[in-house]
Undergrad: 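The following block contains the structure, expressed as structure tokens.
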Amino acid sequence: MEEVRVRFPPSPTGYLHIGGARTALFNWLFAKKHNGKLILRIEDTDEERSTQESIDGILDGMQWLGLDWDEGPYFQTEFAADHIEAANTLLASGNAYKCFCTKEDLENKREAALAAKREVGYDGTCRHLSAEDVRTKEDLGLPFVIRFKVPTRQGTLAYSDEVLGCIERAYSDIEDFVIVRSNGKPLYLLCNVVDDIRDRITHVIRGQDHMTNTTRQVLLYEALQAKIPVFAHMPLTLDLQKRKISKRSHGEVVAVQYYRDKGFIPWALCNFLCLLGWNPGTDKEFFTREELIEAFTLSRISKVNSVFNYKPGDPKFFTDPKLIAINEHYLRTMDLSQLGALVRKELEQEGLWDPSFETNRREWYLATLNMIRDRFHTLKDFTTAGRAYFSDEYAIDPKPLAKNVLKFPDLATWLPQLAQRFAALPEFTVEETERVSREMADELQVKPGVLINGMRTVLTGQLAGPSMFDIVITLGREKVVARLNRIDHLFAAA
RNA sequence: GUCCCCAUCGUCUAGUCAGGUCCAGGACACCGGCCUUUCACGCCGGCAACACCGGUUCAAAUCCGGUUGGGGACGCCA
């Protein structure tokens with residue numbers, strides 16, 4: 001059987017955004033599923049808008065997501081000779097012609113057509129130029145573009161789409177499109193086909209916004225006498241106003257980079273993205289890589305555009321709530337040592353990493369992560385809400401400070417007393433610390449919650465957290481006693 | 001304006017090709033309950049959709065036609 005070869009061809013005119021990442025992901029899944037190859041090709045023929053920064057951003061984004069490619073990155077500009085050769089072939093075979101219409105003429109005609117609400121498209125002025133006319137104009141040094149000569153046929157051009165089924169378009173609706181600029185540089189429509197032929201691409205999986213390109217490109221394949229690949233047009237990702245998402249109008253929240261910076265688990269983003277416009281036909285929503293590769297098929301890609309459910313300005317749901325939920329799921333269920341590696345990077349960035357977490361304190365490190373991960377949303381929370389577990393310098397959240405500490409001024413003496421009892425305990429265990437805490441509350445005739453919640457605030461700076469006595473044991477007697485004794489600072493500061 | 005594509009809860013979607021098992025299932029979000037020293041997690045329950053009109057049929061979310069709505073394309077961008 002023929003080897004499956006797919007490609008991801010981003011144009012380096014902006015960072016990798018989630019729409020592009022999803023296209024890359026689908027291609028990657030398809031390649032993996034069929035033991036095929038994924039080719040990464042940077043389509044940089046738009047010299048004015050292509051930037052190195054953007055190329056780096058795309059490669060970084062792919063790597064972070066774990067979407068590895070088998071060939072490339074190739075750069076389209078390196079194959080300019082191929083593109084020109086193809087254009088000349090088309091010219092020679094009569095499938096293309098030189099067009100001397102000026103930009104101004106075309107622009108005027110276009111506007112007139114739009115104003116008159118007529119069909120917009122090239123009228124074919126230069127299509128029937130005689131050989132002499134062409135030579136005369138060339139001798140005059142008039143600039144020209146090369147246009148593809150769409151065959152004059154009755155009926156429709158049809159191709160079978162793996163997602164949408166049979167797609168048809170009347171030949172008469174396809175205008176003679178430009179394949180080479182007047183400066184001699186070939187355009188996307190041609191370059192893309194020439195590259196796909198050279199790279200032996202078998203399946204073209206791309207967005208539905210390419211559908212009109214596809215009909216024209218099918219003609220190009222035909223004229224170049226090349227085998228037409230299988231096409232699969234994926235639905236688009238829209239915003240809540242049903243507008244195509246773009247970095248320009250939606251900002252950071254659609255950039256892959258944003259999710260790395262916000263502490264997302266790369267695979268959680270992949271899992272979310274694959275569910276946008278695809279489903280396995282079962283209720284299963286969480287997949288390992290292997291499971292997803294196994295389950296993935298083009299035929300289960302949805303025909304319907306999907307909405308990225310992001311409302312600007314919501315502090316709780318700073319991106320699609322389902323994406324956050326999926327990230328939380330992985331955060332609390334993923335393999336602990338894998339989580340440990342991800343959190344390590346966060347701790348290192350904040351200067352909180354201790355090498356002993358990899359050696360003699362590894363067990364403590366992983367157990368602590370396991371204890372606190374249940375209420376976290378992203379990896380960032382380990383160094384913010386979870387900071388007190390890794391550092392003695394942590395902020396006290398004003399809300400619990402007021403509610404659990406300042407409201408009970410007696411805690412200034414009670415908690416140091418409790419610290420003494422902890423210090424005197426023969427065995428520093430969950431049971432014993434809980435016992436003396438409750439005992440003391442009883443003596444003071446206050447609810448245990450007063451001591452417990454006050455303690456949580458002082459020890460972790462947080463309103464909420466794991467079971468108090470688990471925290472106490474995790475932090476260890478020394479830190480607990482020291483922190484409880486420091487409580488007067490909180491009253492002094494207030 | 002022309003051409004192409006699409007249409008199930010607020011969002012992601014199952015079900016449509018092979019009509020009945022669907023007064024429509026799951027997930028997220030939201031609401032309520034249980035658990036509990038806090039907050040979560042977890043578990044249980046609730047709210048919530050077949051765009052509209054007509055046709056075919058004993059029977060339509062499902063097939064057909066139309067209407068409406070949404071999206072895409074119409075560059076010497078990719």
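Labels below follow one simple rule: chain letters A, B, ... track the order of the sequence lines, proteins then strands, and each chain is numbered from 1.
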Undergrad: Which part of the nucleic acid, if any, lies within contact of A:N404, taking any heavy atom under 4.0 Å across all strands shown: a base, the sugar-phosphate backbone alone, or nothing?
TA: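 Counting heavy atoms under 4.0 Å across all strands, no contact is made by A:N404.
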
Undergrad: A:K399 has an atom NZ; how far is it from atom P of B:rC39, in whole Å?
TA: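 Result: 10 Å.
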
Undergrad: Indicate whether any N or O donor in one side chain lies under 3.5 Å from an N or O acceptor in the other, for A:S11 and A:Y188.
TA: no

Undergrad: Classify the nucleic acid contact of A:P466 as base, sugar-phosphate or nothing, counting any heavy atom under 4.0 Å across all strands shown.
TA: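 Base, at least one base heavy atom under 4.0 Å.
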
Undergrad: Using the C1' atom as the point on both nucleotides, what is the distance between B:rC28 and B:rC52, in whole Å?
TA: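 Taking atom C1' in both B:rC52 and B:rC28, they lie 29 Å apart.
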
Undergrad: Any idea which of B:rA78, B:rG71, B:rC12 is nearest the A:H210 side chain?
TA: B:rA78

Undergrad: Taking CG from A:D239 and C1' from B:rG71, how many angstroms apart are they, rounded to a whole number?
TA: 12 Å

Undergrad: Taking pairing as Watson-Crick or G-U wobble with both contacts under 3.5 Å, can you name the mate of B:rA49, or confirm there isn't one?
TA: none

Undergrad: Determine the interatomic distance between C1' on B:rA7 and the same-named atom on B:rA14; round to the nearest Å.
TA: 16 Å

Undergrad: For A:C101, report the nucleic acid contact type (base, sugar-phosphate, nothing); a contact means any heavy atom under 4.0 Å.
TA: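 It contacts base atoms.
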
Undergrad: Against the six-membered ring of A:F26, is A:R22 placed for a cation-pi contact (under 6.0 Å from the centre, within 45° of the normal)?
TA: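 Yes, cation above the ring, under 6.0 Å and within 45°.
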
Undergrad: Could you check which of B:rC77, B:rG72, B:rC4 has an atom nearest any side-chain atom of A:R169?
TA: B:rC4

Undergrad: Round to the nearest Å and state the distance from A:I326 atom CD1 to B:rU13 atom P.
TA: 12 Å

Undergrad: Would A:D199 and A:R41 count as a salt bridge (charged side-chain N to carboxylate O under 4.0 Å, His left out) here? Give the steps.
TA: CA-CA 10 Å; A:D199 291 334; A:R41 190 171 66 223; 2.9 Å; yes

Undergrad: How is A:V145 classified with respect to the nucleic acid when contacts are heavy atoms under 4.0 Å: base, sugar-phosphate, or nothing?
TA: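 Counting heavy atoms under 4.0 Å across all strands, the contact made by A:V145 includes a base.
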
Undergrad: Does A:R332 have a side-chain nitrogen or oxygen under 4.0 Å from the phosphate oxygens OP1 or OP2 of B:rA40?
TA: no

Undergrad: Expressed in whole Å, how much space separates the C1' atoms belonging to B:rC53 and B:rC31?
TA: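 Comparing C1' positions in B:rC53 and B:rC31 gives a spacing of 36 Å.
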
Undergrad: Once salt bridge (Lys or Arg N to Asp or Glu O under 4.0 Å) is applied, do any residues pair with A:E443, and if so which ones, sequence neighbours excluded?
TA: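 Salt bridge (Lys or Arg N to Asp or Glu O under 4.0 Å) check on A:E443 returns A:R421.
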
Undergrad: Is A:R49 touching bases, backbone alone, or none of the nucleic acid, heavy atoms closer than 4.0 Å?
TA: base

Undergrad: Quote, to the nearest angstrom, the P distance that separates B:rC34 from B:rG26.
TA: 23 Å

Undergrad: Atom pairs under 3.5 Å, N or O on each side, protein against nucleotides 62-67 of chain B: can you list them with distances?
TA:
none

Undergrad: Which residue lies toward the 5' end of RNA chain B, A:G277 or A:S467, if each is placed at its nearest nucleotide?
TA: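 Nearer the 5' end of the strand: A:G277.
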
Undergrad: When you measure from the side chain of A:T45, which nucleotide among B:rC12, B:rG71, B:rA78 comes out closest?
TA: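 Of the options given, the side chain of A:T45 lies nearest B:rA78.
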
Undergrad: Please name all residues satisfying salt bridge (Lys or Arg N to Asp or Glu O under 4.0 Å) with A:K262, sequence neighbours left out, ordered by chain then number.
TA: none

Undergrad: Would you say the side chains of A:E104 and A:N108 form a donor-acceptor pair under 3.5 Å?
TA: no

Undergrad: Checking contacts here: which listed nucleotide (B:rC5, B:rA78, B:rG71) is nearest the side-chain heavy atoms of A:K242?
TA: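 The closest nucleotide is B:rG71.
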
Undergrad: Heavy atom of residues 183-191 of chain A under 4.0 Å from RNA chain B: which residues?
TA: A:L187, A:Y188

Undergrad: Paired with B:rG69 by Watson-Crick or G-U wobble geometry, both distances under 3.5 Å: which nucleotide is it?
TA: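 Paired with B:rG69, as far as the under-3.5 Å criterion goes, is B:rC6.
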
Undergrad: Want to settle it: does A:D173 or A:Q241 sit nearer the 5' end of RNA chain B, counting the closest nucleotide to each?
TA: A:D173

Undergrad: Base, sugar-phosphate alone, or nothing: which one does A:S306 contact when heavy atoms must sit under 4.0 Å apart?
TA: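 Counting heavy atoms under 4.0 Å across all strands, the contact made by A:S306 is with sugar-phosphate only.
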
Undergrad: What residues, two or more places apart in sequence or in another chain, satisfy side-chain hydrogen bond (donor to acceptor under 3.5 Å, both in side chains) together with A:D335?
TA: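 Checked A:D335 against side-chain hydrogen bond (donor to acceptor under 3.5 Å, both in side chains); matches are A:S337.
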
Undergrad: Considering just the side-chain nitrogens and oxygens of A:N279, establish if one lies under 4.0 Å of OP1 or OP2 belonging to B:rA14.
TA: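 So the side-chain polar atoms of A:N279 do come within 4.0 Å of the phosphate oxygens OP1 or OP2 of B:rA14, strictly under.
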
Undergrad: Across the strands shown, which category fits A:L463 at heavy-atom distances under 4.0 angstrom: base, sugar-phosphate, nothing?
TA: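 Since a base atom lies under 4.0 Å of A:L463, the category is base.
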
Undergrad: Considering residues at least two apart in sequence or located in another chain, which fulfil the side chain to side chain contact (heavy atoms under 4.5 Å, CB included) criterion with A:L106?
TA: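 A:C101, A:Y122, A:R147.
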
Undergrad: Any chance you could list the contact pattern along nucleotides 25-33 of chain B? Use B for base contacts, S for sugar-phosphate-only contacts and - for none, protein heavy atoms under 4.0 Å, 5' to 3'.
TA: -BBSSS---

Undergrad: Have a look at A:H233 and say if it touches a base, only the backbone sugar-phosphate, or nothing, with a 4.0 Å heavy-atom cut-off.
TA: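 Nothing, no heavy atom under 4.0 Å.
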
Undergrad: Ignoring hydrogens and angles, write down the donor-acceptor pairs under 3.5 Å from the side chains of residues 396-407 of chain A, residues two or more places apart or on other chains.
TA:
{"unit_1": "A:N404", "atom_1": "ND2", "unit_2": "A:T457", "atom_2": "OG1", "d": "3.2"}

Undergrad: Would A:K311 and A:D314 count as a salt bridge (charged side-chain N to carboxylate O under 4.0 Å, His left out) if you check the C-alpha gap in whole Å, the side-chain angles of each, and the deciding distance to 0.1 Å?
TA: CA-CA 6 Å; A:K311 293 188 191 77; A:D314 189 330; 6.0 Å; no

Undergrad: Are A:R375 and A:D381 within salt-bridge range, i.e. N to O under 4.0 Å?
TA: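 Answer for the salt bridge query: no.
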
Undergrad: Taking the minimum atom-to-atom distance to the side chain of A:S182, which one of B:rG72, B:rC76, B:rA78 wins?
TA: B:rC76

Undergrad: Applying side-chain contact (heavy atoms from CB on, under 4.5 Å) to A:V256 and A:Y15, what does each step give before you reach the verdict?
TA: CA-CA 8 Å; A:V256 167; A:Y15 291 129; over 6 Å; no

Undergrad: Where along residues 448-462 of chain A does a heavy atom fall under 4.0 Å from RNA chain B?
TA: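 The answer is A:I452, A:N453, A:R456.
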
Undergrad: Select base, sugar-phosphate, or nothing to describe what A:I324 touches, counting heavy atoms under 4.0 Å on all strands.
TA: nothing

Undergrad: Watson-Crick or G-U wobble partner for B:rC23, using a 3.5 Å limit on both distances?
TA: none

Undergrad: Need one value for A:T215: base, sugar-phosphate or nothing, where a base atom within 4.0 Å counts as base even if backbone is also close, heavy atoms only.
TA: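 Touches nothing.
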
Undergrad: Taking atom C1' in both B:rG19 and B:rG55, compute the distance separating them and give it to the nearest angstrom.
TA: 15 Å

Undergrad: A:M211 near the nucleic acid: base, sugar-phosphate alone, or nothing, with a heavy-atom cut-off under 4.0 Å?
TA: sugar-phosphate

Undergrad: Applying salt bridge (Lys or Arg N to Asp or Glu O under 4.0 Å) as the test, list every pair that has at least one member in residues 166-191 of chain A; sequence neighbours left out.
TA: A:E47-A:K185, A:R127-A:D176

Undergrad: Name the closest nucleotide to the A:F469 side chain, picking from B:rC12, B:rU37, B:rC6.
TA: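 Of the options given, the side chain of A:F469 lies nearest B:rU37.
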
Undergrad: Parallel, tilted or perpendicular: which describes the rings of A:F177 and A:F148, with under 30° parallel and over 60° perpendicular?
TA: parallel

Undergrad: Please determine if a side-chain N or O atom of A:R206 lies less than 4.0 Å away from the OP1 or OP2 oxygen of B:rG72.
TA: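 No.
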
Undergrad: Taking salt bridge (Lys or Arg N to Asp or Glu O under 4.0 Å) as the test, write out the residues that go with A:D320, two or more places apart.
TA: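 Once residues adjacent in sequence are excluded, A:D320 has no partner under the salt bridge (Lys or Arg N to Asp or Glu O under 4.0 Å) criterion.
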
Undergrad: Can you sort out the partners of A:E328 under salt bridge (Lys or Arg N to Asp or Glu O under 4.0 Å), two or more places apart, ordered by chain and number?
TA: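 Expected list: A:R332.
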
Undergrad: Report yes if a side-chain nitrogen or oxygen of A:R216 is closer than 4.0 Å to either non-bridging phosphate oxygen (OP1 or OP2) of B:rA78; otherwise report no.
TA: no

Undergrad: Looking for any heavy atom pair under 4.0 Å, which part of the strands does A:E434 touch: base, sugar-phosphate only, or nothing?
TA: nothing

Undergrad: A:K244 near the nucleic acid: base, sugar-phosphate alone, or nothing, with a heavy-atom cut-off under 4.0 Å?
TA: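 Sugar-phosphate, backbone atoms only, no base.
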
Undergrad: Looking at A:R438, I'd like to know whether one of its side-chain N or O atoms comes within less than 4.0 Å of OP1 or OP2 on B:rU37.
TA: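 A:R438 to B:rU37 OP1/OP2: side-chain N or O found under 4.0 Å.
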
